[in-house]
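In what follows, a single structure is set out as structure tokens and then discussed.
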Amino acid sequence: MTLATQLLDWYYENARDLPWRQDKDAYKIWVSEIMLQQTRVEAVKGYYQRWIDRFPTPAVLAEASEQEVLQYWQGLGYYSRARNLLAGVREVCAAYGGEVPEDEQLIRQLPGVGDYTAGAIASIAYNRRVPAVDGNVLRIFSRLFCLESDISKQATKREIAGLLHRHMPDSSPGDFNQALMDLGSMICIPRRPRCQVCPLSNLCEGYAREVQDTLPVRPAKKEPVLVQLAAGLVLQDGKYLVRQRPAKGLLAGMWEFPTVELTGGQAADRCLTAVLWHEFGQEVDVGEEQFHYIHIFSHRKWDISFFSCQWLSGNGVMKEGQWRSLTEFSNMPWAGPHHKVALALAES
DNA sequence: AAAACGGGGGT
DNA sequence: ACCCCAGTTTT
């Protein structure tokens, strides 16, 4: 019995039934792999089905507008993935006749496709014997071989890619890679791995040494930065002032209620008034603070106050931004969870 | 080599 | 609260 045999035997008995495992269509595998980058399986399922219903083939997606594509991505995060996927699909239609190339190196050239995703697509859709090193593989192999090097380091990833490649079977390399995903999801989980029911426990050096709970070794976490924002719900004639974020950076291209970063502890209402005047050339009457909302993600912490505003004089010229009803705004790709909250507030 | 990039679910 | 996820791109 080899590692691959033991793993595949377990996989064929215990494989998860996932929407993107219905067939081996390379485009569908591609879509699923992009959605799954840094995103949980449970979160992806609904988005994937909706996406395939609307964009069933590369040709259909290539014809769609970026705004609509972003809308279908709304809430999934990392929006550059959607842009890259759209650009990549257009490239496939233009350069490869709408068929995803079979060669891993060519797949790797597509925007948004890194080493992992190229390996996953090539192995799953085209049965190529290429490794796909993701967080699951790093965790599983660091335990299997008791590797104590930092898995965020490039050298560690290369080492594990080599080990993985050595252990891949000649047949069903795609199943092998997917089996590692399922093992990492159900058995070799980050905390308190279920070694008692693991099909590879007899091969696992980490388990033998009883150090599986200390692996893998990750980099020390960094302190989040606090960013204080004030957001305005500026109303005129039943429509709210919204603007589009810059094409690069945080939440690129997403629509939002106007916000202003508060530095040095200024009063939020005065600061918001000044920015609205500066950006949109008109005076507003900032009302009472509505509530306070805090959102945290990996490296930043947003502390946001919302204000309701009345648009005053009608003389100024709006330099940027648009007026939208709440319904219209809801149908645009909008930024972040704080605007979900703002929408709920505005609707109440 | 390190930072930037979202959001959600598990514990 | 904290962890961390089917990672890639930019700096």
Side-chain angles (χ1 to χ4, degrees), chain A residues 15-16 18-21 28-48 70 73-85 87-88 107-125 131-140 150-158 161 164 174 176-186 188-192 213 216 218-225 227 245-254 256 294-302 333-341:
Chain A
R16 290 174 292 179
L18 300 172
W20 44 92
R21 290 180 176 173
K28 293 182 184 174
I29 303 296
W30 181 9
V31 170
S32 72
E33 290 300 340
I34 300 299
M35 285 187 173
L36 286 161
Q37 289 169 3
Q38 297 295 284
T39 309
R40 306 248 175 199
V41 166
E42 287 308 315
V44 168
K45 282 181 178 172
Y47 283 90
Y48 173 81
L70 285 173
W73 206 269
Q74 165 65 49
L76 211 41
Y78 289 120
Y79 299 96
S80 63
R81 293 184 294 173
R83 282 201 192 75
N84 286 333
L85 178 56
I107 299 173
R108 177 67 178 81
Q109 301 306 311
L110 296 167
V113 176
D115 291 337
Y116 163 76
T117 304
I121 297 173
S123 65
I124 297 171
V133 178
D134 71 333
N136 290 304
V137 169
L138 292 172
R139 186 172 59 253
I140 292 168
D150 186 337
I151 59 167
S152 71
K153 301 295 184 188
Q154 204 55 47
T156 307
K157 294 180 183 175
R158 273 197 305 272
L164 174 56
F176 180 75
N177 283 339
Q178 291 186 95
L180 288 169
M181 311 296 170
D182 284 11
L183 190 75
S185 156
M186 298 187 283
C188 198
I189 52 184
R191 310 285 200 90
R192 300 175 59 82
D213 285 292
R218 295 179 172 283
K221 68 172 168 67
K222 297 197 348 183
E223 202 62 26
V225 179
V227 180
R245 294 180 61 89
K248 295 202 166 208
L250 185 68
L251 298 165
M254 307 293 281
E256 64 179 6
I294 298 176
H295 173 63
I296 301 170
F297 60 102
S298 59
H299 57 290
R300 281 189 205 178
K301 190 186 296 185
W302 294 343
W334 37 267
H338 53 292
H339 285 88
K340 202 180 287 182
V341 175

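Residue numbers begin at 1 in each chain, while the letters A, B, ... track the order of the sequences.
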Would you mind telling me which of C/dG7, B/dG7, C/dC4 lies closest to the side-chain atoms of A/Y79?
B/dG7

What's the closest nucleotide to the side chain of A/D134 if the choices are B/dA2, C/dA6, C/dC4?
C/dA6

For A/R81, salt bridge (charged side-chain N to carboxylate O under 4.0 Å, His left out) partners two or more places apart
none

Can you check the A/R81 CZ to B/dA4 P distance for me, whole Å?
19 Å

Spacing of A/N136 atom CG and A/I189 atom CD1 [to the nearest 0.5 Å]:
11.0 Å

What is the nucleic acid contact for A/W73, judged by heavy atoms within less than 4.0 Å: base, sugar-phosphate only, or nothing?
nothing

Name the pairs: protein N/O against N/O of nucleotides 9-11 of chain C, kept only if under 3.5 Å.
{"residue": "C/dT9", "atom": "OP1", "partner": "A/G112", "partner atom": "N", "Å": "2.4"}

Contacts of A/P246 that satisfy side chain to side chain contact (heavy atoms under 4.5 Å, CB included) - sequence neighbours left out:
none

With the side chain defined as heavy atoms from C-beta on, A/R21 is closest, among C/dA6, B/dG8, B/dC5, to C/dA6

Which part of the nucleic acid, if any, lies within reach of A/N177 when heavy atoms closer than 4.0 Å are counted: base, sugar-phosphate only, or nothing?
nothing

For Watson-Crick and G-U wobble pairs within 3.5 Å on both distances, what is DNA chain B written in dot-bracket notation, | included for inter-strand pairing?
|||||.|||||

Using ring-ring contact (aromatic ring centres under 6.0 Å, His included) as the criterion, list what pairs up with A/Y48, not counting sequence neighbours.
A/W20

Looking across every strand, which nucleic acid part, if any, lies under 4.0 Å from A/G184 by heavy atom: base, sugar-phosphate, or nothing?
nothing

Sequence neighbours excluded, which residues qualify as side chain to side chain donor-acceptor pair (under 3.5 Å) partners of A/Q38?
none

Taking only distance into account, with no hydrogens and no angle test, what donor-acceptor pairs under 3.5 Å do side-chain atoms of residues 177-185 of chain A form with protein atoms, sequence neighbours excluded?
{"residue": "A/N177", "atom": "ND2", "partner": "A/S123", "partner atom": "OG", "Å": "2.9"}
{"residue": "A/N177", "atom": "ND2", "partner": "A/V130", "partner atom": "O", "Å": "3.1"}
{"residue": "A/Q178", "atom": "OE1", "partner": "A/R21", "partner atom": "NE", "Å": "3.0"}
{"residue": "A/D182", "atom": "OD1", "partner": "A/R16", "partner atom": "NE", "Å": "2.8"}
{"residue": "A/D182", "atom": "OD1", "partner": "A/R16", "partner atom": "NH2", "Å": "2.6"}
{"residue": "A/D182", "atom": "OD1", "partner": "A/R21", "partner atom": "NH2", "Å": "2.9"}
{"residue": "A/D182", "atom": "OD2", "partner": "A/R16", "partner atom": "N", "Å": "3.0"}
{"residue": "A/D182", "atom": "OD2", "partner": "A/R21", "partner atom": "NH1", "Å": "3.0"}
{"residue": "A/S185", "atom": "OG", "partner": "A/R16", "partner atom": "NH1", "Å": "3.0"}

Residues which pass salt bridge (charged side-chain N to carboxylate O under 4.0 Å, His left out) with A/K28, listed by chain and number, not counting sequence neighbours:
A/D23

Across all chains, not counting sequence neighbours, the side chain to side chain donor-acceptor pair (under 3.5 Å) partners of A/K153 are none

Judged by each residue's nearest nucleotide on DNA chain C, which is more toward the 5′ side, A/T117 or A/R139?
A/R139

Taking CZ from A/R83 and C1' from B/dA4, how many angstroms apart are they, rounded to a whole number?
15 Å

Check each residue of residues 32-44 of chain A for a non-hydrogen atom within less than 4.0 Å of any atom in DNA chain B, then write out the ones that pass by number, or none.
A/Q38, A/T39, A/R40

What distance, rounded to whole Å, do you find between the two C1' atoms, one in B/dC5 and one in C/dC4?
15 Å

P-based separation of C/dA6 from B/dT11 [nearest Å]
13 Å

For nucleotides C/dT8 and B/dG9, find the distance between their C1' atoms and express it as a whole number of Å.
23 Å

Name all residues meeting the side chain to side chain contact (heavy atoms under 4.5 Å, CB included) criterion together with A/R108; count only those two or more places apart in sequence or in a different chain, and write none if there are none.
A/D115, A/A118

Quick one: salt bridge (Lys or Arg N to Asp or Glu O under 4.0 Å) pairs with a partner in residues 30-44 of chain A, sequence neighbours left out?
A/E42-A/K45

